[in-house]
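Written out below as structure tokens is the structure these notes cover.
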Amino acid sequence: MKNSERSRLNGEAEEEDDEEENLNGGLEAWERSYADDRSWEALQEDESGFLRPIDNSAIYHAQYRRRLRGRSLTAATARIQKGLIRYLYIVIDLSRAAAEMDFRPSRMAVVAKQVEAFVREFFYQNPLSQIGLVTVKDGVANCLTDLGGSPESHIKALMGKLGCSGDSSIQNALDLVHGLLNQIPSYGHREVLILYSALSTCDPGDIMETIQKCKESKIRCSVIGLSAEMFICKHLCQETGGTYSVALDESHSKELILEHAPPPPAIAEFAIASLIKMGFPQRAGEGSISICSCHKEVKVGVGYTCPRCKARVCELPTECRICGLQLVSSPHLARSYHHLFPIAPFDEATPSRLNDLHNISRSTCFGCQQSLLASDLGLLSLILIFTPKIFPFDGEPEARLAANILQSLLGCEHEGCILTPVGLIMTPAIVGKYIDAAAAAAAPVYQMKSPLMMRRKSFIKYILAADPVLLYVRIFLCYFQV
Amino acid sequence: MIFKLEDVTVYFPYDNIYPEQYSYMLELKRALDAKGHCLLEMPTGTGKTIALLSLITSYVLSKPENPVKLIYCTRTVHEMEKTLAELKLLHNYQTRHLGPAAKILAIGLSSRKNLCVNSRVLAAENRDSVDAACRKRTASWVRALAAENPNIETCEFFENYEKAASAAVLPPGVYTLQDLRAFGKQQGWCPYFLARHMVQFANVVVYSYQYLLDPKVAGIISKEMQKESVVVFDEAHNIDNVCIEALSVSVRRQTLEGATRNLSRINQEIERFKATDAGRLRAEYNRLVEGLALRGNLPNAWLSNPALPSDILKEAVPGNIRRAEHFLHVLRRLVQYLRGRLETENVEKEGPVSFVASITAHAGIDQKTLRFCYERLHSLMLTLEITDTDEFLHIQTICDFATLVGTYTRGFSIIIEPFDERMPHIPDPVLQLSCHDASLAVKPVFDRFQSVVITSGTLSPIDLYPRLLNFHPVVSRSFKMSLTRDCICPMVLTRGSDQLPVSTKFDMRSDPGVARNYGKLLVEMVSIVPDGIVCFFVSYSYMDEIIATWNDSGILKEIMQHKLVFIETQDVVETTLALDNYRKACDCGRGAVFFSVARGKVAEGIDFDRHYGRLVIMFGVPFQYTLSKILLARLEYLRDTFQIKEGDFLTFDALRQAAQCVGRVIRSKADYGMMIFADKRYSRHDKRSKLPGWILSHLRDAHLNLSTDMALHIAREFLRKMAQPYDKAGSIGRKTLLSQADLEKMTNDGSINEMLY
């Protein structure tokens, strides 16, 4: 919903999207899903023109990356310090090369779309952090938006400024960002993410010096290249401790960008504890009318009041315009916190054990051994399925997270529900309780189907989203009918 | 790792070994067992040198009853240092496992310029003047004079070395040139003379090709090498040219003028000696009467026979040149005769026999006299105590020429050209004695040593080398590279963006369409390839022409929008500067294109690895200049003597150059690069099949007949794929690193042979 609203607000880049929608308008839903994937592009011909089995290398790379991430995850149990308050500048290369059409409709449009997704994801995962946007065009770097915590303003600013020309200059961009990031307080983690389309950089001076400068200021620079590996980018990332990756195609580039959303390990010299003053403002009453300090407009109902100067702000987290106090809410803190204290690793269930599970589940809940036959919905068991579509990070951490939440939320006493690759098996009673809890938390229910419909299909999906006190989580529920 | 290779225990300093290294060692070991010569092709970047060194040293360790000496020949000083550094690593590993039993002495030997530690001698700018400066301080008569007169400068390092006499030895170990210099400085001994002395005792000697192939030098340095030696020629793809150059002489007008000056100087010296010390000349005369065989008692051993047929040693110097004045007359007449021949208007070509006959008729010098010229000149210069030998290069060239003409009757021809063909209006007469038979220079090496190993990254087609060098290898094999990913991407581009064929064939090369298509290709490529691109053209003239065309049509400007352009010129300093800046541009991300010429200095010796060369484009097939008289004479000779067809040889030579050029781009397995052969002729089987196996195995049929846009698409995909992180050890299906356990397992179940063949 929100997406389409925004697209109406914004200009040119979205028009193409609209066209696509019109194009796709005549298609069935399932056809549309394939049209988005552009699966025909995955087909490859061998030397003699025969179709060859789809290249697994992309999948292999994905697995390899996941393995790497898994390794860093095990390291995470050893309590790696991570920067929770991040100040990230996203540098978007809008040089001539960004107009290339090898990503449809153009690299620039793809990047813009993905930056939008990234900005949202980033603020979900790092509510205390701030982002700024910088564009490079005609060899000059421009600061598009200053550091700020509002995804909407960034996205709006970016969508209005799409258009590319001239050369690109890493040095100019770094110099600009370096100047901007040097002002931020020392507890913040300085990061730059460069989305680079061009294959060369036209610099006014010695870029090596600039890289050293960034290194000294502890700015972590990461680069995502859109066409090929460049030595200078690799060098920059190596020197400053960032990561360098090159996108194979659109979906891969999205994956790469989103990899930057969870906070990276903190730089060792930076890892000194410091106290930060923060305010927890109260939500204004429903009918109250006030002038907000951020838009300077009269608003009814929405808004928070700064505990120190009583100024009104529209959204959290932010910095108070009047007294400069950092304004957050406790869920924000909690959300950031789980990066520091991740859930303990799970044992992976072997397929044979999985079969056992299914057998057992006929009678009892695997967790609390309660009988499953006493089901008022006529359903025997419930399986939670976490799919990549719902969870952008198809990894275990989110699954574990969900399990933990359910446990703590529902007061189920048993020792950790077993999470299989398929899902989580529980008594319907617990599920019922969970749904109540979700409703109590006033979470929007996106889609709900009647029990009758559920019976018609073997898998019926309930999509629920909950924003409980503790953490934010989205869970995909699936009723399994016997 | 330590593993068994048949009956030899191999000590290999790394934990893992590439499969191709293993098979390389196996073949080499079999060749050593058979005491024969071998020819091995293995791509660069697969650790050829360490495989070779570790096998040969381990072989010696396993069979102490027949100590084999290793003589390792490299092309450049840089390669020499690299080889010695690897040997040092290996040696440390072996001594760690075997203790003092593994001790060896390994030294590098190079010219005085690279080994001298005397700062005043080193101040001289080139090699010849360093040599001369050294002789000025170390010649025996200079030292004798210095003993009386302390004002005469001598070299303290040499004096110390002489004083230490037989005590001056190197303790066992591996010495790079730098180590030798450091050792010399520390002990106060001259490293150059120390190294030359130690060559006889060393287990491993690393030096340049010339020390074995150039008969003038080989006689001095390599005379005392035992028969039980293994001689290795590394990077030997051009060995035939090195052999030929070692025996070719060209004489220009300047040479003759210089020679005349030299002669009058010698004349003065003779007069001076006659007045002061006539006894010396008399003594020399007597010595010559007794014959060259007794030359051993010459005051200094720094010059001796040019490894000529052995009978020359038994013969005495002919009577007519025994006296210094007579010899001088003979040389004057020879120079006069040559000057007369240079006056010609037409191109002349002659065999040595008729040339000698004509000398005899016109100048009255017979073949035997000619043959002794070189020897006689050096004897004379020693007698006259001439130390500034660099001044006398011209007359040495003439004597060299005379000796070669007098000695060989086959395999040579004398070609006189009144002007350069490209500039017919400027008279620049040159008389060339060109050798056609590479086997002449290399024959003594094959005859003398037990095993000769010829190895390089490009030796294809491998059956041609034995014919060119006239020897019989017991093993000749070409190895492929095992890769974890397809990190090289060769392509044959036959058509331009307008689908018209591209080629540098003679009748097409001036076609503006071809130049435009080549330009378009480059313009497109610079926009999708990051960092460095190297372009090779077939010749300087073609490069100049095409760059001018591109400049006129604005293509060059388009290229410059993406990358900076650097051009190789014939000037070494300029080229070095261009290369430096090219590297800088690649480093700082600006990106650059380097225009170079196949067969040029850059194509032979400079690596464009990693980001310095992500793509190399070979514009055209680099055939030799087929109208060159020398080449024609050589082709004729090859056809008559070795039954090698002209076309075959030309194609072989061109493709070897092309492979050399494109091979610059990849120097290790972690590296990646693309190669574009931009000429329609490469798609023909007879051309393509002559490329080395490791390139051919990556050249897919689908990449054989590309147009510009298809090549672009492939390049884009390739670059993206290569930028992804990858697993260095290789997945299970393609094992590219073998650990000791792997090797043992494979040897036991016999699958090692499967892997190799």
Side-chain angles (χ1 to χ4, degrees), chain A residues 44-49 52 55-58 60-65 67-68 95-97 100 102-103 166-171 196 198-211 223-236 243-249 252-253 256, chain B residues 484-487 524-533 558-564 583-593 609-615 670-674 699-705 712-728 731 733:
Chain A
Q44 287 179 336
E45 281 177 36
D46 63 9
E47 292 92 274
S48 40
R52 120 168 119 200
D55 194 4
N56 295 330
S57 63
Y60 172 74
H61 281 305
Q63 280 169 348
Y64 183 69
R65 288 183 161 279
R67 256 212 317 280
L68 282 184
S95 64
R96 223 178 308 123
E100 292 230 3
D102 51 351
F103 291 179
D167 290 315
S168 173
S169 166
I170 296 184
Q171 196 195 7
Y196 209 63
L199 280 175
S200 64
T201 158
C202 249
D203 299 324
D206 186 2
I207 189 166
M208 299 297 172
E209 278 173 24
T210 312
I211 293 176
V223 183
I224 295 175
L226 295 181
S227 41
E229 184 185 75
M230 267 178 75
F231 170 77
I232 192 72
C233 298
K234 206 171 178 181
H235 179 74
L236 169 70
T243 56
Y244 181 44
S245 43
V246 175
L248 287 169
D249 48 33
H252 187 229
S253 74
L256 291 176
Chain B
T484 42
R485 50 176 191 170
D486 295 319
C487 67
E524 297 281 354
M525 281 297 166
V526 290
S527 66
I528 63 156
V529 178
D531 301 327
I533 295 183
E558 272 181 71
I559 295 172
M560 300 268 258
Q561 281 199 333
H562 294 277
K563 289 187 193 305
L564 305 180
R583 294 226 169 87
K584 242 180 242 166
C586 292
D587 279 335
C588 78
R590 181 64 185 87
V593 189
D609 54 342
R610 299 177 300 134
H611 60 287
Y612 296 127
R614 284 296 181 215
L615 166 69
D671 199 2
Y672 65 90
M674 294 182 291
L699 186 59
R700 291 197 267 137
D701 286 346
H703 292 179
L704 276 184
N705 187 12
L712 275 180
H713 180 73
I714 294 170
R716 264 204 201 102
E717 295 286 302
F718 175 78
L719 286 169
R720 286 223 167 92
K721 215 156 93 196
M722 284 303 122
Q724 304 307 316
Y726 75 107
D727 201 355
K728 286 203 175 58
S731 44

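Convention: sequence-line order gives letters A, B, ...; per-chain numbering from 1.
- Among A/A97, A/A228, A/A198, A/S169, the residue with the largest count of heavy-atom pairs under 4.5 Å with chain B is A/A228.
- One distance of note links NZ of B/K584 with CE of A/M208; it measures 11.0 Å at 0.5 Å rounding.
- If you measure heavy-atom distances from A/L226 to chain B, the contacts under 4.5 Å come from the backbone alone.
- Here the side chains of B/L719 and A/E229 are not in contact, with every heavy-atom distance at 4.5 Å or above.
- The shortest non-hydrogen separation linking B/D587 to A/I232 is O-CD1, 3.2 Å.
- For the atom pair A/I207 CD1 and B/R590 CZ, the distance stands at 12.0 Å (nearest 0.5 Å).
- B/F718 does not touch chain A: none of its heavy atoms, backbone or side chain, sits under 4.5 Å away.
- Between B/H611 and A/K234, every side-chain heavy-atom pair lies at or beyond the 4.5 Å cut-off.
- Taking the side chain as every heavy atom from C-beta outward, B/Q724 and A/L248 approach each other to under 4.5 Å.
- Contacts of B/V529 with chain A are made by backbone atoms alone, with heavy-atom separations under 4.5 Å and no side-chain atom involved.
- Of the atoms belonging to A/Q171, not a single heavy atom falls under 4.5 Å from chain B.
- The CG atom of B/D531 lies 8.5 Å from the SG atom of A/C233; values are rounded to the nearest 0.5 Å.
- For the residue pair A/T201 and B/C588, the shortest heavy atom distance occurs at CG2-O, 3.6 Å.
- Looking only at distances, a side-chain donor or acceptor of B/R720 sits under 3.5 Å from a matching main-chain atom of A/A247.
- Separation of atoms NE2 (B/H562) and OG (A/S200) is listed at 8.0 Å; rounding is to 0.5 Å.
- The candidate with the highest count of non-hydrogen atom pairs below 4.5 Å against chain B, out of A/L199, A/D206, A/D203, A/I211, is A/L199.
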